[in-house]
> 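There's a structure below that I have some questions on.
Indexing begins at 1, ligand by ligand and atom by atom, following the structure's order.
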Amino acid sequence: MNMRFGPARGLAGAVRAPADKSISHRAALLGAMASEPVRIERYLHAADTTSTLAAVQALGALVEVHDEEIVVRGTGLREAHEPGRPIDVGNAGTLMRLLPGWLAAQDGRSFTLDGDESIRRRPVDRVAEPLTAMGAQLQAREGRYPPLHVEGRHLRAIDYELAVASAQVKSCVLLAALAADGETTVREPARSRDHTERMLLAAGVTITRRDGLLSVVNTDELLLDTVRVPGDPSSAAFIVTAGVLVPGSRLLIGDVGVNWTRTGFLRIVRRMRGIVLGDLEEESEKLVPIEPVSDLDVAHGALEGTIVEPDEVPLAIDELPLVALLGCFAEGETVVRGAQELRVKESDRIAGVVEGLRGLGADIEATADGFAVRGTAGLRGGTIAADGDHRMAMLGAVAGLASREGVEVIGMEAAAVSYPAFVEDLRRLGAWS
Ligand code: S3P
């Protein structure tokens, strides 16, 4: 589906951020791993997280969907059923990387995980490696890509140092550690989102973080009861960007998750002098079993270029394309460094952002590990292809609202992967009449 987004006059009003995708995936998985029913309030009903519900059902969990909540009745930590066919993760990279952690511990049972064309281009050796070290047997196509075959074993704990600051890989090891013998430790090269750690703590697991080292002790069961999913800061980031860029805007986004490990983008926007008010969580090493939320109050204003350093990258990984867009409107240069991980997302997001924004009139170039944009006081407009990547589709839409001539997005339906109400929310904010 192609859709044109013309220049907007000013966005006003309030929307509620859609539920968090990362947290919804984790809640459904932990629900399936628990022995008692888990209620999940405000589960995200989008393509990616629907794949997770189908996956846990294939593994023996029962899922009831009600208006305001879902209930997952799990199989217990070591009792996943062996489905008779491959599990289809669709477009969901988080499901593809986290689920093998649980499956690796299903002694004597085997599983195959597969997904769409984009998933088949994304590496899974990064999870196969630690799970193999814990005693499971895994096989990936060409040693690196899905389909991924997992043969569950009785696992042993490991001390693991992550090669990349990836919350998905970290979470995979933590899930496997729950059913492994002993205490597992994981060291990450830089902080990344910590939703898994917080949810495990809430589920009664002995998990600590000290001096950058995570330790998790194996357990017999998870005791989770209720999970409330906050709004997704990565989805809200598109509305934030529209509010900051479209002259005359003043808008409110309700119920946004403001866990420090997810608000890197908001810190970057503020550094660029963008006006975003909200009660963001402070940095702390101590793990807490909650996910803080805040409303965000956003207004249009002039921006300055900035440099995003490598240690900030995992804290804003999914929002970096928006930093490039903001850079087009900022005074001076905006540079992102240490973001080579963007090449293995739903699409190669370095190439996609650079080619896409250049086609709309941006002065932007790719670097080996990111991009550099020189602000030209805005964008002309044109056409951008989402290439099946939800975040590229939404980036094109926001670029159109802020552009001089408008943007045609090819493949706007991709937004349904994480934010099905995106176009509707823009309309509610008065992006067009
Ligand atoms: C996610 C972690 C990030 C992010 C992805 C969701 C998660 O990936 O890009 O959209 O839910 O853990 P990496 O941890 O692989 O960087």
> With a 4.0 angstrom cut-off on heavy atoms, strictly below it, pick out the residues next to ligand 1 and order them by chain and number.
Ser22, Arg26, Thr94, Ser166, Ala167, Gln168, Arg193, Ile317, Asp318, Lys345
> Under 4.0 Å between a Lys/Arg side-chain N and an Asp/Glu carboxylate O for Glu117 and Arg122?
no
> Can you pull the salt bridge (charged side-chain N to carboxylate O under 4.0 Å, His left out) pairs that have at least one residue in residues 53-65, sequence neighbours excluded?
Glu64-Arg73
> Rounded at 0.5 Å granularity, tell me how far OG in Ser22 sits from CG in Asp48.
9.5 Å
> Tell me, which pairs form a ring-ring contact (aromatic ring centres under 6.0 Å, His included) where one or both residues lie in residues 128-165, sequence neighbours left out?
none
> In plain terms, say whether Arg228 and Asp255 are close enough for a salt bridge, that is, a side-chain N and a carboxylate O under 4.0 Å apart.
yes
> By salt bridge (Lys or Arg N to Asp or Glu O under 4.0 Å), which residues pair with Asp369, not counting sequence neighbours?
none
